[in-house]
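Presented below is the structure to which this report refers.
Note that the structure is a prediction, hence the values are computed from the model and not measured.
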Amino acid sequence: MILKDKIALVTGGGRGIGRAIAQAFVDAGATVYIAARGAEQLAATVAEMDPVGAGRVKPLVMDVASAASVKAAFAGIAEARLDVLVNSAGINLRGPIETMPEETWDAVVDTNLKGVFLVGQAAFPLMKTHGGKVINIASLMAEIARPTISPYAASKGGVRQLTKAMAVEWAPNRIQVNGITPGFIATEMNVPLMNDKTFNEFIINRTPARRWGRPEDIAATALFLASPGADFITGQIIAVDGGLLASL
């Protein structure tokens with residue numbers, strides 16, 4: 001119960017990596033606010049994670065790309081403090097650079113990068129007097145690139161550097177800020193890629209661990225970074241990728 005009595009907020013907590021992190025935090029004793037845009041999805045996730053109604057899983061409807069939505073959501077946090085923030089919300093809209101509409105670029109960058117800025121900015125007042133942990137979910141695409149995902153790669157590269165900037169600025173407030181770079185993870189969003197025999201074999205062959213990662217692999221790292229054991233770790237980006245980056 002290393003997070004007993006802690007208050008955490010996980011954006012993008014309705015599914016995939018965010019949901020796994022939220023579950024790990026609840027299992028470790030925290031009260032967890034799960035933020036996502038869809039109220040119905042949030043309600044279903046809360047019901048699944050808290051079937052007996054213990055009250056340690058709470059929904060927050062939030063569009064991280066909207067300052068007004070973020071402000072309204074934070075007004076719904078009953079506690080006067082926040083101990084852990086995980087910025088996991090993200091989208092990926094594909095297309096070649098030469099024909100990509102400006103609206104597509106803006107949607108991805110606003111959600112993936114500006115969202116981390118807006119939510120971090122809103123969380124800071126709830127952490128600055130007692131310290132806390134911020135964990136930003138980056139991506140392998142902050143280090144490498146693939147065709148048709150230029151806004152995703154650019155936004156996640158920005159998350160990598162924003163993590164370092166936050167860490168340096170907020171260290172005097174005893175707030176540690178770190179990032180996680182997931183490898184290829186078996187989430188709902190990646191089911192089409194996993195079902196593509198050629199791509200699936202490519203990933204498994206290029207990953208030294210010879211498998212896709214699981215959301216729980218990322219959650220375990222997030223739990224460590226949220227724990228007292230990581231009090232002297234800040235400004236770091238930890239790859240949880242089965243050795244893929246090391247093998248390039």
Side-chain angles (χ1 to χ4, degrees), residues 10-25 27 36-38 41 44-45 48-49 86-101 104-105 107-109 111-113 115-116 135-161 163 178-225 236-248:
V10 181
T11 70
R15 63 178 185 170
I17 289 172
R19 190 191 189 289
I21 292 173
Q23 184 67 65
F25 285 4
D27 293 344
R37 288 182 295 183
Q41 181 190 42
T45 301
E48 291 171 1
M49 294 180 63
V86 179
N87 284 302
S88 182
I91 61 172
N92 187 9
L93 303 176
R94 297 173 179 270
I97 295 172
E98 62 271 21
T99 58
M100 179 168 292
T104 299
W105 176 277
V108 176
V109 173
T111 298
N112 295 359
L113 179 55
V116 174
I135 302 163
N136 298 326
I137 304 302
S139 168
L140 285 176
M141 298 306 115
E143 309 288 344
I144 59 178
R146 292 184 56 78
T148 75
I149 59 169
S150 59
Y152 185 82
S155 64
K156 289 300 185 176
V159 169
R160 186 182 189 279
Q161 290 306 109
T163 297
N178 294 289
I180 298 175
T181 294
F184 286 91
I185 307 298
T187 63
E188 299 97 319
M189 188 170 67
N190 284 332
V191 167
L193 298 179
M194 297 170 67
N195 289 338
D196 182 323
K197 185 175 183 294
T198 300
F199 189 83
N200 184 60
E201 289 179 354
F202 168 76
I203 294 305
I204 291 174
N205 290 334
R206 289 304 304 265
T207 303
R210 292 295 186 268
R211 67 172 176 87
W212 285 71
R214 296 180 290 266
E216 293 76 15
D217 294 322
I218 310 303
T221 304
L223 185 59
F224 164 65
L225 290 173
Q236 301 304 305
I237 313 295
I238 300 176
V240 184
D241 66 350
L244 194 152
L245 283 177
S247 70
L248 293 177

Where the side chain of [X] meets the backbone of [Y], is there a donor-acceptor pair that is under 3.5 Å apart?
X: Thr111; Y: Val108; answer: no
X: Asn178; Y: Gln236; answer: yes
X: Asn190; Y: Ile185; answer: yes
X: Arg15; Y: Gly12; answer: no
X: Asn112; Y: Ile91; answer: yes

> Which residues pass the side-chain contact (heavy atoms from CB on, under 4.5 Å) test with Met100, sequence neighbours left out?
Replying inline: Thr104, Trp105, Ser150, Pro151
Compare every heavy atom of [Y] with every heavy atom of [X], then report the nearest pair and how far apart it is.
X: Ser155; Y: Val109; answer: CB-CA, 4.1 Å
X: Trp212; Y: Asn200; answer: NE1-OD1, 2.7 Å
X: Asp217; Y: Thr221; answer: O-OG1, 3.4 Å
X: Ala20; Y: Pro215; answer: CB-CB, 3.5 Å
X: Pro182; Y: Ile218; answer: CB-CD1, 3.7 Å
X: Gly213; Y: Arg211; answer: CA-NH1, 3.6 Å

Any non-hydrogen side-chain atom of [X] less than 4.5 Å from a side-chain atom of [Y]?
X: Ile17; Y: Thr187; answer: yes
X: Ile135; Y: Ile180; answer: yes
X: Ile21; Y: Ile137; answer: yes

Within this structure, what is the [atom1]-[atom2] distance for the pair [X] and [Y], rounded to the nearest 0.5 Å?
X: Met194; Y: Ile203; atom1: CE; atom2: CD1; answer: 11.0 Å
X: Leu193; Y: Phe199; atom1: CG; atom2: CZ; answer: 5.0 Å
X: Glu201; Y: Thr198; atom1: CD; atom2: OG1; answer: 6.5 Å
X: Asp27; Y: Gln23; atom1: CG; atom2: CD; answer: 4.5 Å

For a quick test of your reading: what N or O donor-acceptor pairs under 3.5 Å do the side chains of residues 139-148 make, sequence neighbours left out?
{"from": "Ser139", "atom 1": "OG", "to": "Met141", "atom 2": "N", "distance (Å)": "2.9"}
{"from": "Glu143", "atom 1": "OE2", "to": "Arg160", "atom 2": "NE", "distance (Å)": "2.7"}

